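Reckoned from all heavy atoms, side chains included, excluding hydrogens, waters and symmetry mates. What you see is a predicted model, and the numbers here were worked out from it, not measured in a lab. The chains referred to below are lettered A, B, ... by the order of the sequence lines, with proteins before strands, and numbering in each begins at 1.
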There are 2 protein chains.
Amino acid sequence: MTVKVTRSMLKRQAIIDGALSAFQQYGVSDTSMDKIAQTAQVSKRTVYNHFESKEQLVTHIIKEIWRQNILTCDIEYQADMALDVQLAALLKNELDFLSNQNLQELIRVAIGYCLFNPDIFTAEMSEFFEQETALVRWIKQAVSAGRLRQVEPQKAHAQLISLLKGQAFWPQILHQQPVLTNAQIEELTEDTVAFFLAYYQA
Amino acid sequence: MTVKVTRSMLKRQAIIDGALSAFQQYGVSDTSMDKIAQTAQVSKRTVYNHFESKEQLVTHIIKEIWRQNILTCDIEYQADMALDVQLAALLKNELDFLSNQNLQELIRVAIGYCLFNPDIFTAEMSEFFEQETALVRWIKQAVSAGRLRQVEPQKAHAQLISLLKGQAFWPQILHQQPVLTNAQIEELTEDTVAFFLAYYQA
DNA sequence: TGAAAAGTAAACTAGTTAGTGTAAAAATAC
DNA sequence: GTATTTTTACACTAACTAGTTTACTTTTCA
């Protein structure tokens with residue numbers, strides 16, 4: 001059942017890890033292929049054997065980062081449970097994800113690259129942002145069960161995510177605020193649940 | 001009363017404008033001093049006569065961008081006017097600011113640079129983010145007038161700004177969404193006012 | 001064991017980069 | 001009108017860049 005790990009695969013992974021580590025430290029433009037090879041403890045030629053160009057290596061990694069940036073969560077709407085408890089669990093889950101320091105570093109690299117290379121978005125990336133999340137699904141179900149007011153689920157979802165990201169994501173991405181503590185996550189969850197349900201609960 | 005404009009000042013401004021234009025197109029790292037001189041229609045030596053190094057030129061411009069990123073608004077709390085009308089005016093003002101395409105391009109440059117040069121923040125930049133805005137002042141006054149619930153004004157302010165930026169700023173910065181139309185700004189204002197006052201109005 | 005595949009170091013190309021030195025030309029100041 | 005400041009073009013350094021070539025070693029795998 002264990003998959004054979006070839007040396008080639010190990011080298012390839014070392015290159016990706018090394019590149020990512022260098023990108024996090026210096027940004028994409030200020031990371032040279034020599035630096036990547038050095039960081040990965042690999043010959044520069046090996047880098048070019050695995051990736052035709054710097055451009056290819058970069059886009060591979062950026063796409064991989066966005067691919068990881070999909071929240072999987074299997075919390076479903078339950079008819080017999082209080083709304084605030086359910087919503088709190090969903091938001092907590094989302095916040096744990098957004099507050100993950102490792103993810104934030106990855107996204108910082110992706111953003112730094114995509115800001116001035118917007119082409120990478122349009123086609124392949126948009127799918128990542130348009131897919132239905134567990135939170136949207138939950139809102140839809142709660143609305144059709146008559147326990148939330150009649151709203152566009154996408155709009156309510158956008159409001160919730162804005163409230164979370166505005167405190168727990170963007171300030172950290174910009175290095176303005178440290179990553180939230182568990183207590184702060186708890187507080188933000190409660191505040192947001194109360195705020196949201198005051199307006200939307202049926 | 002008109003201030004004398006020397007040639008030196010004109011050249012200096014041309015350099016700043018040229019650098020900014022190049023930064024917006026290519027990002028800071030991928031803009032060379034030769035390119036800046038060329039864009040500014042100025043000799044490269046003149047660039048170095050005005051700015052000792054690329055680093056100095058860049059930080060000067062980045063600081064200037066953040067300095068402009070201060071919302072000045074003279075709408076004050078008025079005891080005899082409906083809260084929703086007042087808040088709508090404040091949010092509209094803020095949204096017009098955030099939706100300004102020119103500002104978004106400036107901030108994209110600043111963010112692109114600051115992502116991997118966080119040092120520029122800590123000392124000199126923090127003041128820009130900590131100053132009291134018209135919106136905070138308004139919330140404070142409305143609270144002490146007993147027309148909004150007792151809350152930390154900073155927290156309520158942060159929630160409002162998160163709701164606006166999540167729809168009208170961050171998606172545009174990341175090139176995911178086009179700048180909002182006037183109708184969309186109108187809708188976002190109304191939604192946000194209703195959402196906010198449902199929870200906070202006394 | 002032995003051939004094929006993958007990795008290595010190091011030198012190399014050709015282009016770019018930040019920043020300097022210089023001497024002439026142009027604008028400014030008085 | 002002369003002295004001073006500023007701008008200019010251009011050549012230059014020294015370092016770095018993406019990517020290639022070569023000659024050699026190590027790993028894989030049948």
Side-chain angles (χ1 to χ4, degrees), chain A residues 1-63 109 112-113 116-117 119-120, chain B residues 2-63 109 112-114 116-117 119-120:
Chain A
M1 219 59 222
T2 55
V3 181
K4 179 75 179 287
V5 178
T6 65
R7 180 179 63 154
S8 185
M9 289 161 68
L10 286 174
K11 294 287 174 181
R12 188 186 172 86
Q13 196 55 50
I15 292 166
I16 292 173
D17 293 345
L20 190 48
S21 156
F23 291 161
Q24 288 177 1
Q25 208 171 344
Y26 308 107
V28 171
S29 291
D30 293 334
T31 297
S32 69
M33 292 297 263
D34 288 277
K35 188 78 194 167
I36 291 172
Q38 191 186 322
T39 308
Q41 295 270 59
V42 139
S43 148
K44 184 180 177 181
R45 203 60 188 81
T46 303
V47 178
Y48 279 99
N49 283 343
H50 283 276
F51 298 95
E52 269 184 19
S53 63
K54 185 182 178 184
E55 180 72 16
Q56 277 207 10
L57 172 57
V58 170
T59 55
H60 176 268
I61 290 181
I62 301 293
K63 287 178 186 171
V109 173
Y113 183 74
F116 300 102
N117 298 276
D119 303 340
I120 202 179
Chain B
T2 53
V3 181
K4 178 75 177 290
V5 178
T6 65
R7 182 179 60 151
S8 185
M9 286 161 68
L10 286 174
K11 294 286 174 180
R12 188 186 171 87
Q13 196 53 50
I15 292 166
I16 293 174
D17 293 344
L20 191 47
S21 156
F23 291 161
Q24 287 177 3
Q25 208 170 344
Y26 308 108
V28 172
S29 292
D30 293 334
T31 297
S32 69
M33 292 296 263
D34 288 275
K35 186 79 195 169
I36 291 173
Q38 191 186 320
T39 306
Q41 295 270 58
V42 139
S43 145
K44 183 180 177 180
R45 207 61 185 79
T46 303
V47 177
Y48 278 99
N49 284 345
H50 282 275
F51 298 94
E52 269 183 19
S53 63
K54 184 182 178 183
E55 179 74 16
Q56 276 206 12
L57 172 57
V58 170
T59 55
H60 176 269
I61 289 180
I62 301 292
K63 285 178 186 171
V109 173
Y113 183 74
C114 293
F116 300 102
N117 298 275
D119 304 341
I120 203 180

Mind listing the N/O atom pairs, protein and nucleotides 7-9 of chain C, below 3.5 Å?
residue: C:dG7; atom: OP1; partner: A:His50; partner atom: NE2; Å: 3.3
residue: C:dT8; atom: OP1; partner: A:Lys11; partner atom: NZ; Å: 2.8
residue: C:dT8; atom: OP2; partner: A:Ser43; partner atom: N; Å: 3.0
residue: C:dT8; atom: OP2; partner: A:Thr46; partner atom: OG1; Å: 2.6

- Item | Atom pair OG1 (B:Thr31) and CG (B:Leu57), whose distance is rounded to the nearest 0.5 Å | 10.0 Å

- Hey, does A:Ile62 have a side-chain heavy atom less than 4.5 Å from the side chain of A:Phe23? no

- So what does B:Thr31 touch, heavy atoms closer than 4.0 Å: a base, only the sugar-phosphate, or nothing? sugar-phosphate

- Message: Any non-hydrogen side-chain atom of A:Tyr113 less than 4.5 Å from a side-chain atom of A:Val58?
- Response: yes

- Query: Rounded to whole angstroms, how far apart are CG on A:Asp34 and C1' on D:dT17?
  - Reply: 8 Å

- B:Asp30 has an atom CG; how far is it from atom C1' of D:dC16, in whole Å? 14 Å

- Atom-to-atom span, CE of B:Met33 to P of D:dA9 - whole angstrom: 16 Å

- Query: Rounded to whole angstroms, how far apart are OH on A:Tyr48 and P on D:dT22?
  - Reply: 18 Å

- Would you mind reading off the distance between B:Ile36 atom CD1 and C:dT16 atom C1', rounded to a whole angstrom? 15 Å

- Message: In whole Å, I'd like the distance from the CZ atom of B:Phe51 to the P atom of C:dT20.
- Response: 15 Å

- Query: Taking side chain as C-beta onward, heavy atoms only, is A:Arg12 less than 4.5 Å from A:Phe51?
  - Reply: yes

- Item | Whole angstrom value for the distance that separates P of D:dT8 from CG of B:Leu10 | 11 Å

- Over how many whole Å does the gap from A:Lys35 atom NZ to D:dT17 atom C1' extend? 15 Å

- Can you tell me if B:Lys11 uses its side chain to pair, donor with acceptor, with the backbone of B:Ser43 under 3.5 Å? no

